[in-house]
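What follows is a single structure, written as structure tokens, with notes after it.
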Amino acid sequence: MPTTGSSSRSAAPTLFDLAARALTHADVFALADDQRAVLDHVRQGLADQGDTRAVAVVAGAAGTGKSALALTLLGEALRAGYRARHATGSQAFTTALRKTAGHGSRATQKLFQYFGTASDTEPDGLDLLVCDDAHQLRATSNTRYTPASRRSDRTQAAQLLETARVVVFLLDEHQAVRPGQIGTRDYLAAAGRASGATVHCAELTSQRRHHSAHYDSWIRRLLALDDPPRPPTSWNPGEESARRFELQVADSAGELEQLLRAKTEVGASTRITAGLCWPWSDPRPGNPLAKDIVIGDWRRPWSVKGQRAVNGLPPSPLWAIDPAGAGQIGNVYSAQGFEYDYGGVILGPDLLWRDDRWVTDPATTSDDALDGATAADVDRWVRRTYRVLLTRATAGTVLYSTDAETRALLHDLIAT
């Protein structure tokens, strides 16, 4: 098995390393001016004891510190004696927060909710509700498991808005990567106004994750996610911002693994992710994980599917933060919301470069969530998915495509 992602830890603590302390101590995260402006606005809303309801809609690209701001808001409110909760639509992210920030305390674990369970809070039961990854909001909180007696026609946004005097939505609408995720700035601002709240919109622009301030914009342009789309541009390692972020192209999955292994050996945290172009088998206790990802003679298993550890390996929600997740490959369900020093990203046959444009093939995806989606929706979600995978690393990324023509593009753009 590869050693990529071993128990070596980065010298820089991650958000999850600091999560518990953020609930009890101030200034755990060094906030930028744009984050502090939101913090000040929320303080004012909480201090207003009248009937005024306040909503903050805060947008920011990957790495602009949305989650650090969310934990700062939650911790400050709790320390001041306010009733506060944190909610997301991500099972992986919420599970990781419950394990790290809430370790050993059921009361603390209950601070971290899903959008569906947070919407069960009685009206005005909270002073502050912080909704991280709000792009994952859905039309309603109903699921297939919701009893008929508890089903509601009200929107999930409306239900969340009535739970607290002050509600904060933090989002990156370009990270909505699956059907039914409808949280956008305009939608949430309109929902806030419809609830009778005063609405404040803000944008986070200071890059907090990537050592290069321009890496995320380069990725957006690479994947034609700008509006209007622009052709990919070369990554110039001679530029000051690019020198602080390592970008490489591998010619095989094995080479990608070797390049990351060298980083692991000097103490960096690393992980490999891939597009969901291979089956994701259910684990069988007592048996090795199925090596579902097959690229030539290179075979590796996905992260454990499901919510329970298997054979000492972490469940999918903890794959990115548990050292035992080292030998498995992550996908968008186990990687979104997390970060590590160096990331390897395998572009599968669902994203190919042909005739100066990207071509996506719905037939090559093994993600059941995309079944029945239109070709246009699959195209958008696939490119957004790879943006999520490509923006997890803080210090460098190694790319590998299973397609020779796509690798040629990457080599042309990324000169070393």
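Quantities reported herein were computed from a predicted structural model and do not represent experimental measurements.
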No-hydrogen, no-angle side-chain donor-acceptor test under 3.5 Å, Thr385 and Arg178: yes
Mutual orientation of the aromatic rings belonging to His200 and His41 [parallel < 30°, tilted 30-60°, perpendicular > 60°]: parallel
Any donor-acceptor pair under 3.5 Å from Trp358 side chain to Leu222 backbone: yes
Evaluation steps, side chain to side chain donor-acceptor pair (under 3.5 Å), between Asp34 and Ser206: CA-CA 7 Å; Asp34 50 11; Ser206 300; 3.3 Å; yes
Closest non-hydrogen atom pair, Gln35 against Leu69: O-CD1, 3.7 Å
From OG (Ser303) to CZ (Arg271), nearest 0.5 Å: 10.0 Å
Ring centroid separation Phe93 to Phe16 under 6.0 Å: yes
Mutual orientation of the aromatic rings belonging to Tyr333 and Trp280 [parallel < 30°, tilted 30-60°, perpendicular > 60°]: parallel
Heavy-atom check, side chain of Phe112 versus side chain of Thr94, under 4.5 Å: yes
Distance-only polar pair, side chains of Asp361 and Thr364, donor-acceptor under 3.5 Å: no
Main-chain N/O of Pro279 paired with Trp302 side-chain donor or acceptor, under 3.5 Å: yes
Check against side chain to side chain donor-acceptor pair (under 3.5 Å), Gln181 and Gln175: CA-CA 9 Å; Gln181 297 177 347; Gln175 288 195 54; over 6 Å; no
Electrostatic pair Glu339-Arg392, nearest N-O below 4.0 angstrom: no
Residue among Asp226, Asp227, Asp172 satisfying salt bridge (Lys or Arg N to Asp or Glu O under 4.0 Å) with Arg220: Asp226
Trace of the side chain to side chain donor-acceptor pair (under 3.5 Å) decision for Thr184 with Glu173: CA-CA 5 Å; Thr184 66; Glu173 52 194 74; 4.9 Å; no
Test log, rule side chain to side chain donor-acceptor pair (under 3.5 Å), inputs Asp341 and Ser269: CA-CA 5 Å; Asp341 295 332; Ser269 59; 3.3 Å; yes
Pair Thr88, Asp132: side-chain N/O donor-acceptor within cut-off below 3.5 Å: no
Ala84 versus Leu111, closest heavy-atom pair with distance: O-CD2, 3.7 Å
Glu246 side chain reached by Tyr342 side chain, heavy atoms, under 4.5 Å: yes
Between Asp292 and Ser281, a side-chain donor and acceptor under 3.5 Å: yes
Crowding at CG, Asp297 (>12 non-hydrogen neighbours, <6.0 Å): no
Considering all heavy atoms, the nearest Gly286-Asn311 contact: N-OD1, 2.8 Å
Any donor-acceptor pair under 3.5 Å from Arg138 side chain to Pro179 backbone: yes
Between Ser141 and Gln159: side-chain donor-acceptor atoms closer than 3.5 Å: yes
Backbone of Ala224 reached by a side-chain donor or acceptor of Arg383 within 3.5 Å: yes
Flag, side chain of Arg300 to backbone of Gly327, donor-acceptor distance under 3.5 Å: no
Close side-chain approach of Thr163 to Asp124, heavy-atom, < 4.5 Å: no
Spatial distance of atom CZ (Arg380) from atom CG (Leu223) [nearest 0.5 Å]: 14.5 Å
Side chain to side chain contact (heavy atoms under 4.5 Å, CB included) assessment of Trp218 paired with Thr233: CA-CA 7 Å; Trp218 185 85; Thr233 187; 3.7 Å; yes
Within 45° cone and under 6.0 Å: Arg221 NZ/CZ vs Tyr215 ring: no
